[in-house]
Amino acid sequence: MPEGPSIVILREEVAALRLNGKEILHVEGNSKIDKDRLIHQQVIDFKSWGKHFLVCFENFTLRIHFMLFGLYKIDGRKDTPARLSLQFANAELNFYSCSVKIFDQPAYELYDWSGDIMSDDWNAEKALKKLKDTPKMLACDALLNQDIFAGSGNIIKNEVLFRTRIHPLSQIGKLPQEKLVEIVKETRNYSFDFLTWKLEFTLKKHWLAHTKKMCPRCRIPFIKEYLGKTKRRSYFCTNCQVLYF
DNA sequence: TCTCATGTTTAGGT
DNA sequence: GACCTAAACATGAG
């Protein structure tokens, strides 16, 4: 569930419930957070930043991060206990297997939306500058770096590197300016394709590289390797993806 | 039944 | 401090 576009879908599903300004009537769950802090509080807004789902209150913010296995149910439950359940008069939000944390500041003090690939405030120039400031970073690490591309994950990484024909082990500092511009532009662009396809339940069908055995351009086998600082799955074509090194 | 994976933090070592 | 590794968390698809 976790990449940025999926969190946007959650945010929009919750927005449709019109819970802004509504009071939380009951809180449950096996989360260790102070649940009394939430009860009878009025939710100001629901936001997302990268892979974070944010429940905003006047003076504090509840952050939900779904990690690898996180799930949610809106007006429904799983058989297993919820990590956190927020119950309103006419709706219920249930979160499972996720990381939950309360921050003692309003969301606008905690987050800079110019770094969120899905945000209206996304700033491509700032992302470009961040890339230029980290010349030793590998392309595969840059696309998982939440300080540069908040919301990008392993699927987006593999698809963007394939679309831009960049080998995952390329060094950011060795890429020509126009390729850096292309990475920034395509990360944003693919993320919105991801959103569209996820809503259509056709995301997997549209993968060109991620989990694929063969390059759709060259018809030669993809390489599958665990690359970068975090050793995440990378699928790439040694023929059409150029190694800048 | 078993392996693996859309992720991140933290603790420990060198 | 920089850099690396492993562990921890925990669900479901194939």
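Quick caveat, the model's predicted, so the values are computed rather than measured. All values below come from the heavy atoms of this structure, side chains included, with hydrogens, waters and symmetry mates left out. In what follows, chains are A, B, ... by sequence order, proteins preceding strands, each numbered from 1.
- The minimum heavy-atom distance between A:Val184 and A:Trp122, with the atom names listed, is CG1-CZ2, 3.9 Å.
- Evaluation of the salt bridge (Lys or Arg N to Asp or Glu O under 4.0 Å) test over residues 105-120 of chain A, restricted to residues two or more places apart or in two chains, returns none.
- In this structure, the nucleotide among B:dT6, C:dC4, B:dA5 sitting nearest to the side chain of A:Lys229 is C:dC4.
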Please tabulate the protein-to-nucleotide N/O contacts below 3.5 Å involving nucleotides 11-14 of chain C, giving atom names and distances.
| unit_1 | atom_1 | unit_2 | atom_2 | d |
| --- | --- | --- | --- | --- |
| C:dT11 | OP1 | A:Ser97 | OG | 3.4 |
| C:dG12 | OP1 | A:Lys78 | NZ | 2.8 |

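- Nucleotide C:dA6 holds its P atom 15 Å from the OH atom of A:Tyr226, rounded to whole Å.
- Between the P atoms of C:dA6 and B:dA5, the separation comes to 16 Å (whole Å).
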For DNA chain B, produce a single dot-bracket line, 5' to 3'. Pairs: Watson-Crick or G-U wobble, both distances under 3.5 Å. Symbols: ( ) within strand, [ ] crossing, | other strand, . unpaired. .||||.||||||||
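- Heavy-atom minimum distance, A:His65 versus A:Cys98: O-CB, 3.3 Å.
- Cation-pi geometry between A:Arg163 and A:Tyr190 is not satisfied (NZ or CZ under 6.0 Å from the ring centre, within 45° of the ring normal).
- A donor-acceptor pair under 3.5 Å links the side-chain atoms of A:Gln241 to the main chain of A:Leu161, judged by distance alone.
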Report, one pair per line, the protein and nucleotides 8-12 of chain B atoms (nitrogen or oxygen only) whose separation is under 3.5 Å.
| unit_1 | atom_1 | unit_2 | atom_2 | d |
| --- | --- | --- | --- | --- |
| B:dT8 | OP1 | A:Lys51 | NZ | 3.3 |
| B:dT8 | OP2 | A:Lys51 | NZ | 3.2 |

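- A:Lys73 comes within 4.0 angstrom of nothing in the nucleic acid, heavy atoms only.
- The nearest whole Å value for the distance from the NZ atom in A:Lys231 to the P atom in C:dC4 is 8 Å.
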I'd like to know whether A:Ser234 forms a side chain to side chain donor-acceptor pair (under 3.5 Å) with A:Lys157, so could you lay out the CA-CA distance, the side-chain angles of the two residues, the decisive distance to 0.1 Å, and finally the verdict. CA-CA 8 Å; A:Ser234 290; A:Lys157 175 197 80 178; 3.0 Å; yes
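- Distance, A:Ile155 CD1 to B:dT6 C1': 4 Å, rounded to whole Å.
- Annotation: A:Phe162 is in aromatic contact with A:Phe222 [ring centroid separation under 6.0 Å].
- Taking atom C1' on both nucleotides, B:dT1 is separated from C:dC9 by 22 Å, rounded to a whole Å.
- A:Lys179 has a carboxylate O that lies under 4.0 Å from a charged side-chain N of A:Glu182, or vice versa, which qualifies the two as a salt bridge.
- When only modelled atom types and interatomic distance are considered, A:Ser114 and A:Asp121 share no side-chain donor-acceptor pair under 3.5 Å.
- Atom NZ in A:Lys157 sits roughly 12 Å away from atom C1' in B:dA5 (whole-Å rounding).
- Remark: the separation of the P atoms in B:dC4 and C:dA7 is 15 Å, to the nearest Å.
- Rounded to whole Å, atom C1' of B:dT6 lies 15 Å from atom CG of A:Leu195.
- Considering only the side chain of A:Asn154, B:dT6 comes nearest among B:dT6, B:dA5, C:dT5.
- Legend: salt bridge (Lys or Arg N to Asp or Glu O under 4.0 Å) pairs involving residues 65-87 of chain A, not counting sequence neighbours, sorted by first then second residue: A:Arg77-A:Glu92.
- Judged as a salt bridge (charged side-chain N to carboxylate O under 4.0 Å, His left out), and not counting sequence neighbours, the contacts of A:Lys129 are A:Asp133.
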